[in-house]
Number of protein chains: 2
Amino acid sequence: MALRYAILISLHEEAATGYEITKKFDQGMGFFWQASHQQIYLELKKMSDLGLVEFQHIEQDSKPDKKLYQITSQGIQALKDWLIQPVKTQTIKDSLLMKLYAGPLGSAQHLLDEVLRIKQEHVELLETFHAIEQEWFQNIDQQPLPYQYIYYTLRNGIHYVQSWLAWSEEVIPFLEKQAGAATR
Amino acid sequence: MALRYAILISLHEEAATGYEITKKFDQGMGFFWQASHQQIYLELKKMSDLGLVEFQHIEQDSKPDKKLYQITSQGIQALKDWLIQPVKTQTIKDSLLMKLYAGPLGSAQHLLDEVLRIKQEHVELLETFHAIEQEWFQNIDQQPLPYQYIYYTLRNGIHYVQSWLAWSEEVIPFLEKQAGAATR
DNA sequence: ATGAAATATGCAACTATTTGCATATACTGT
DNA sequence: ACAGTATATGCAAATAGTTGCATATTTCAT
């Protein structure tokens with residue numbers, strides 16, 4: 001159900017097309033929720049049938065037609081009701097750690113390559129996060145209240161990525177040693 | 001598919017019943033992969049049909065009968081093949097951050113309560129992790145190699161929980177201020 | 001010129017996961 | 001005595017998510 005409420009939160013910020021919501025899931029909200037365009041279009045249809053959102057057809061020259069969705073008062077109420085429910089504990093599905101756990105049955109070199117690749121992604125993500133922090137969240141306590149809340153979701157991301165990078169500095173030397181030992 | 005390989009890794013360590021594997025998913029492997037007993041029993045059946053595992057019936061007095069599963073050579077090969085595939089990037093589904101992102105539309109007091117509750121869980125988890133580290137992973141470079149790999153999955157967990165707790169120290173004062181302001 | 005990426009939406013099939021139920025015995029705590 | 005927890009496995013229904021495909025135009029890069 002959480003996808004539904006992620007979409008409602010996005011539409012509560014501003015009216016948008018399915019295509020635009022999909023892009024939002026690749027950016028800000030994407031850090032804590034991911035969804036494909038197929039999922040989003042299908043969910044928007046269901047939500048429209050339930051009266052949580054409504055849309056207007058917009059015809060465009062030189063581009064495909066689109067549907068601009070906006071949240072209804074019923075949608076806002078449903079979102080408010082959901083926001084005060086207890087949060088479900090986050091499930092973690094981390095196949096890198098699974099492969100590491102399997103240890104010597106796999107290849108230390110392969111694990112090392114993967115850790116280095118993901119490290120690079122995390123380094124870039126951290127730079128992006130810091131750039132966003134600089135650009136949008138300076139003097140945070142003077143920003144509008146909604147921004148202040150969003151700022152703390154960014155801070156969560158920064159903490160997470162930094163801790164992952166700190167861990168990688170521990171595991172990389174170990175994997176280098178194992179990968180080296182295997183070829184000798 | 002990853003559930004399948006999580007089970008194979010577990011059975012490669014030692015033969016086990018579905019019930020015992022379920023308990024493992026609540027402990028060590030549970031940090032990076034979760035699965036219900038329904039999922040595990042169903043998957044074991046499929047894996048048995050495919051010849052990746054085999055089982056023997058064990059009749060017990062005073063307890064229900066059980067099936068002891070063990071990995072086959074075919075299962076070991078399938079696992080080895082999977083271990084050298086690229087890892088899929090982890091998906092994060094964090095409804096706490098989603099509710100935080102929604103900000104003033106929800107209740108700061110409710111968010112604060114939830115953060116404090118999860119913080120308590122994380123404090124306890126960190127204690128558990130540290131206890132495991134002390135008991136099983138002292139003088140890590142003198143331990144058997146498979147233990148050394150597992151140690152780094154534990155280290156990942158420790159880093160993660162510590163970073164979450166550090167973040168909570170940032171967000172709690174903010175939410176306390178917001179919750180206080182709302183009642184005045 | 002030709003291919004790739006962006007814009008824009010959607011169906012169908014499959015895989016993964018959750019939720020609810022069902023069964024049966026024994027042990028432990030109140 | 002009675003309720004709850006542990007042991008042990010499983011089916012069925014529903015929801016959630018992935019993968020592959022389909023369509024149609026424009027703009028940008030090689």
Side-chain angles (χ1 to χ4, degrees), chain A residues 1-7 15-27 29-30 32-50 53 55-69 82 85-95 98, chain B residues 1-7 15-27 29-30 32-50 53 55-69 82 85-95 98:
Chain A
M1 261 324 64
L3 172 62
R4 172 164 301 175
Y5 300 104
I7 293 172
T17 66
Y19 189 76
E20 287 163 347
I21 294 169
T22 303
K23 281 195 294 184
K24 271 209 173 179
F25 273 86
D26 286 334
Q27 295 154 18
M29 304 192 79
F32 51 82
W33 209 270
Q34 293 91 40
S36 64
H37 71 96
Q38 290 94 332
Q39 252 184 299
I40 289 163
Y41 286 122
L42 189 64
E43 191 60 37
L44 280 170
K45 192 177 188 314
K46 284 184 202 166
M47 289 161 76
S48 173
D49 291 344
L50 290 166
V53 297
F55 65 88
Q56 49 187 129
H57 266 286
I58 296 182
E59 282 176 48
Q60 298 185 111
D61 312 329
S62 87
K63 280 183 187 173
D65 294 357
K66 61 185 182 183
K67 290 180 180 175
L68 187 67
Y69 285 89
W82 181 78
Q85 299 295 122
V87 298
K88 287 199 187 162
T89 48
Q90 197 199 157
T91 61
I92 295 170
K93 302 272 158 125
D94 192 326
S95 57
M98 204 163 120
Chain B
M1 264 323 62
L3 171 62
R4 173 164 301 175
Y5 300 104
I7 292 172
T17 67
Y19 189 77
E20 287 163 347
I21 294 170
T22 302
K23 281 195 293 184
K24 271 210 173 180
F25 273 86
D26 286 334
Q27 294 155 16
M29 304 192 79
F32 52 81
W33 210 270
Q34 293 91 42
S36 63
H37 71 96
Q38 290 95 331
Q39 252 183 297
I40 288 164
Y41 286 122
L42 189 64
E43 191 61 37
L44 280 169
K45 192 179 188 312
K46 285 184 200 166
M47 289 161 75
S48 173
D49 291 344
L50 289 166
V53 297
F55 66 89
Q56 50 186 129
H57 266 285
I58 297 182
E59 282 176 49
Q60 298 185 112
D61 312 329
S62 86
K63 280 182 189 176
D65 295 356
K66 60 185 181 183
K67 291 180 180 174
L68 187 67
Y69 284 89
W82 181 78
Q85 297 296 121
V87 297
K88 286 199 187 162
T89 48
Q90 197 199 154
T91 63
I92 296 170
K93 303 270 157 126
D94 191 325
S95 57
M98 203 162 122

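Just so it is clear: chains get the letters A, B, ... in the order the sequence lines come, proteins before strands, and each one is counted from 1.
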Original post:
So, does the side chain of Gln38(A) form a donor-acceptor pair with the base of dG20(D) at under 3.5 Å?
Top reply: yes
Original post:
Taking atom C1' of dG17(D) as reference, at what distance in whole Å does atom CD1 of Ile40(A) sit?
Top reply: 12 Å
Original post:
Which atom pair, heavy atoms only, marks the closest approach of Ser95(B) to Trp33(A)?
Top reply: N-CZ3, 4.2 Å
Subject >> Donor-acceptor contact present, side-chain Gln27(A) to main-chain Lys24(A), <3.5 Å >> reply: no
Original post:
Heavy atoms under 4.0 Å, any strand shown: does Lys46(A) hit a base, just sugar-phosphate, or nothing?
Top reply: nothing
Subject >> Nearest atoms (heavy-atom pairs only) where Gln60(B) meets Asp65(B) >> reply: N-OD1, 3.5 Å
Subject >> Nucleotides bounding contact with chain A, strand DNA chain C, heavy-atom threshold 4.0 Å >> reply: dA6(C) to dT19(C)
**OP:** Evaluate the criterion side-chain contact (heavy atoms from CB on, under 4.5 Å) for residue pair Phe25(B) and Ile40(B); output intermediate values, then yes/no.
**Re:** CA-CA 10 Å; Phe25(B) 273 86; Ile40(B) 288 164; 3.8 Å; yes
**OP:** Tell me, with the steps shown, if Lys46(B) and Arg4(B) meet side-chain contact (heavy atoms from CB on, under 4.5 Å).
**Re:** CA-CA 9 Å; Lys46(B) 285 184 200 166; Arg4(B) 173 164 301 175; 4.1 Å; yes
**OP:** Answer yes or no: does a side-chain N or O of Lys88(B) lie under 4.0 Å from OP1 or OP2 of dT19(D)?
**Re:** yes
Subject >> Euclidean distance, atom OH of residue Tyr41(B) to atom P of dT7(D) [Å, nearest integer] >> reply: 11 Å
**OP:** Using the closest heavy atom to pick a nucleotide of DNA chain C for each, name whichever of His37(A) or Pro64(A) lands nearer the 5' end.
**Re:** Pro64(A)
Original post:
Any idea which heavy atoms bring Phe55(B) and Ser48(B) closest together, and the distance?
Top reply: CE2-OG, 3.6 Å
**OP:** With DNA chain D as reference, determine whether Leu42(B) or Lys66(B) sits nearer its 5' end, using the nearest nucleotide of each.
**Re:** Lys66(B)
